[in-house]
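Worth knowing before you read on, the calculation uses all heavy atoms, side chains too, and leaves out hydrogens, waters and symmetry mates.
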Amino acid sequence: MKIKSIVFGDDLDPSFPKIESVITNSFAAITGNDTEYPSVYSSVQGGMQEIARALKTSTIIAVFADERMYQETKRCICTSFHFDMIHNERVLEKLKSLNNSERYMMHALMPKNATPFPLSDGLYSGFAIRSKSQCIFFLPLSEDRTFITMKKYVFPYIQRLYGTALPNFSRFETAYAADTLERQLLLSDVQIAIANTPVCKYIAHASKQIECFNDHISYAPYDKKHEDRDISKLSAVLAAEYYECQFGASIVEGDRDLEGNFTATITISNRETATIRTLSSIPDETHEDFMTTVVTEFFMMLAAELAHAPEIPKEELKSVKPSPAIHAARIVIYAILFAAAFFLTYAATSLSDLSIFG
């Protein structure tokens, strides 16, 4: 199976490298090495010939278009292939939730025989259309919509159609951020303490993609005594102080907001100032999806903080405890030394008493 990805959008968009990486790596996990980085076009006319060539060589053609070019790209593709267009009922039903929904009717237009991929609001709905063993996906290009559409629709569709065993998509979401953080950790001679909140189980899972993670990052005790942003900031500061690290960090999950979305607050502190960011899920995100988004953002924020951190010579740092295991080991050593000192004192006193009686 060969998959060809074609992107209509702006590769200068800050989110594009991550989207490109996720698309490529997720498809490569299905096809092995028979997957190339997407071909990118800033105009619809420039990419139509690429689609025609891909039809001759590829089993799956995945076309992504950003919001600026979405409707024009869809119209050109459907016109070129002489698809009969209709307003898809499933998408129309989703659009009814919007105010002035009649303004968005074009978002429901797609080929008559297409399988629709609508998200909760119906906007920029993707679809799949196939002929025999070949399939064309038309999908939105934006970080939120792309990833959710691929997880919710595209991967399951490929599995049903081709019987392919699929990898865990969330791994590819964090892979780009993990690689970015790993490069920065290797460049930075720092230790970081993370408050051991419940979110840390997601961090620990994602950090398996970072070989040097445990060399630089430790988990510090966490005690919830405050609320919301205050507890996140305090936990980050206390984590840094606990291990006497240059950086402390914390991710605290909050209650759902008024719209029922999940929330979380990320804090990264250099013990003097703190960078704080609060995230909310979007309607189509599950809790697991949201946690992937949060951990990905955390890795990117931490990498950015390290990139701008001044270098501090080792001799200026206090005793840095690189892991809880070493911290515990030191406590054991201190206990042994104390016991040894007590024993020697006791032995010396006993010998002194013997000499007196002698």
Side-chain angles (χ1 to χ4, degrees), residues 6-10 13 15-16 19 22-23 41-45 47-48 51 61-130 135-158 160 169 173 255-263 278-290 292-293:
I6 301 168
V7 171
F8 293 88
D10 182 6
D13 187 297
S15 65
F16 182 81
I19 298 175
V22 173
I23 291 171
Y41 296 91
S42 57
S43 68
V44 177
Q45 290 72 23
M48 294 307 296
I51 294 175
I61 299 95
V63 180
F64 298 84
D66 66 18
E67 295 180 3
R68 177 178 56 89
M69 303 170 63
Y70 198 80
Q71 301 303 338
E72 182 187 0
T73 305
K74 179 171 67 174
R75 179 181 58 78
C76 287
I77 290 174
C78 293
T79 300
S80 298
F81 290 105
H82 306 290
F83 291 144
D84 292 331
M85 303 290 285
I86 63 167
H87 285 95
N88 185 273
E89 291 297 330
R90 283 182 60 191
V91 181
L92 287 175
E93 191 65 31
K94 299 287 185 181
L95 291 171
K96 287 180 182 179
S97 64
L98 303 176
N99 293 328
N100 300 319
S101 59
E102 61 277 2
R103 294 174 52 195
Y104 306 104
M105 294 287 285
M106 66 180 65
H107 290 266
L109 272 176
M110 56 185 59
K112 182 177 180 180
N113 297 322
T115 300
F117 299 155
L119 298 184
S120 59
D121 59 5
L123 298 177
Y124 304 101
S125 294
F127 60 81
I129 187 162
R130 66 187 182 94
C135 178
I136 298 176
F137 290 113
F138 184 71
L139 305 167
L141 184 73
S142 66
E143 190 170 339
D144 293 337
R145 293 184 183 275
T146 299
F147 295 166
I148 291 175
T149 300
M150 290 184 74
K151 281 188 285 191
K152 187 174 182 179
Y153 291 114
V154 176
F155 267 32
Y157 187 93
I158 292 174
R160 289 195 305 270
F169 184 88
E173 280 193 73
D255 297 328
R256 294 198 183 196
D257 62 19
L258 295 177
E259 285 74 36
N261 299 319
F262 304 107
T263 63
T278 298
L279 305 178
S280 295
S281 65
I282 60 175
D284 293 280
E285 278 188 300
T286 64
H287 183 261
E288 292 292 320
D289 290 341
F290 179 59
T292 299
T293 300

(message) Using only atom types and a distance under 3.5 Å, with no angle test, would you say the side chain of Tyr153 pairs donor to acceptor with the backbone of Pro116?
(response) no

Sequence-distant partners of [X], side chain to side chain contact (heavy atoms under 4.5 Å, CB included), two or more places apart:
{"X": "Asp257", "result": "Glu259, Asn261, Thr263, Ser280"}
{"X": "Ser80", "result": "Met48"}
{"X": "Arg103", "result": "Asn100"}

(request) Quick one: closest heavy-atom pair of Phe127 and Cys78, and the distance? (result)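 Nearest heavy atoms, Phe127 then Cys78: CZ-SG, 4.4 Å.
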
Could you tell me which residues satisfy salt bridge (Lys or Arg N to Asp or Glu O under 4.0 Å) with [X], sequence neighbours excluded, listed by chain and number?
{"X": "Glu288", "result": "none"}
{"X": "Lys94", "result": "none"}
{"X": "Lys112", "result": "none"}
{"X": "Arg68", "result": "Asp66"}

(message) Less than 4.5 Å apart, side chain to side chain, heavy atoms only: is that true for Val91 and His87?
(response) no

(message) Could you tell me if the side chain of Met105 sits less than 4.5 Å from the side chain of Leu92, heavy atoms only?
(response) yes

Taking only residues two or more places apart in sequence or in another chain, which ones pass side chain to side chain donor-acceptor pair (under 3.5 Å) with [X]?
{"X": "Gln71", "result": "Lys74, His107"}
{"X": "His287", "result": "Glu253"}
{"X": "Ser125", "result": "none"}
{"X": "Tyr41", "result": "Glu50"}

Less than 3.5 Å apart, which donor and acceptor atoms pair up between the side chains of residues 135-150 and the rest of the protein, not counting sequence neighbours?
residue, atom, partner, partner atom, Å
Glu143, OE2, Lys18, NZ, 2.5
Arg145, NH1, Asp121, OD1, 3.2
Arg145, NH1, Leu123, O, 3.0
Arg145, NH2, Asp121, OD2, 2.7
Thr146, OG1, Pro140, O, 2.7
Thr146, OG1, Ser142, N, 2.9
Thr146, OG1, Ser142, O, 2.8
Thr149, OG1, Arg145, O, 2.7

(message) Can you tell whether the side chains of Arg90 and Glu93 come within less than 4.0 Å, N to carboxylate O?
(response)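 Looking at Arg90 and Glu93, the cut-off is not met.
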
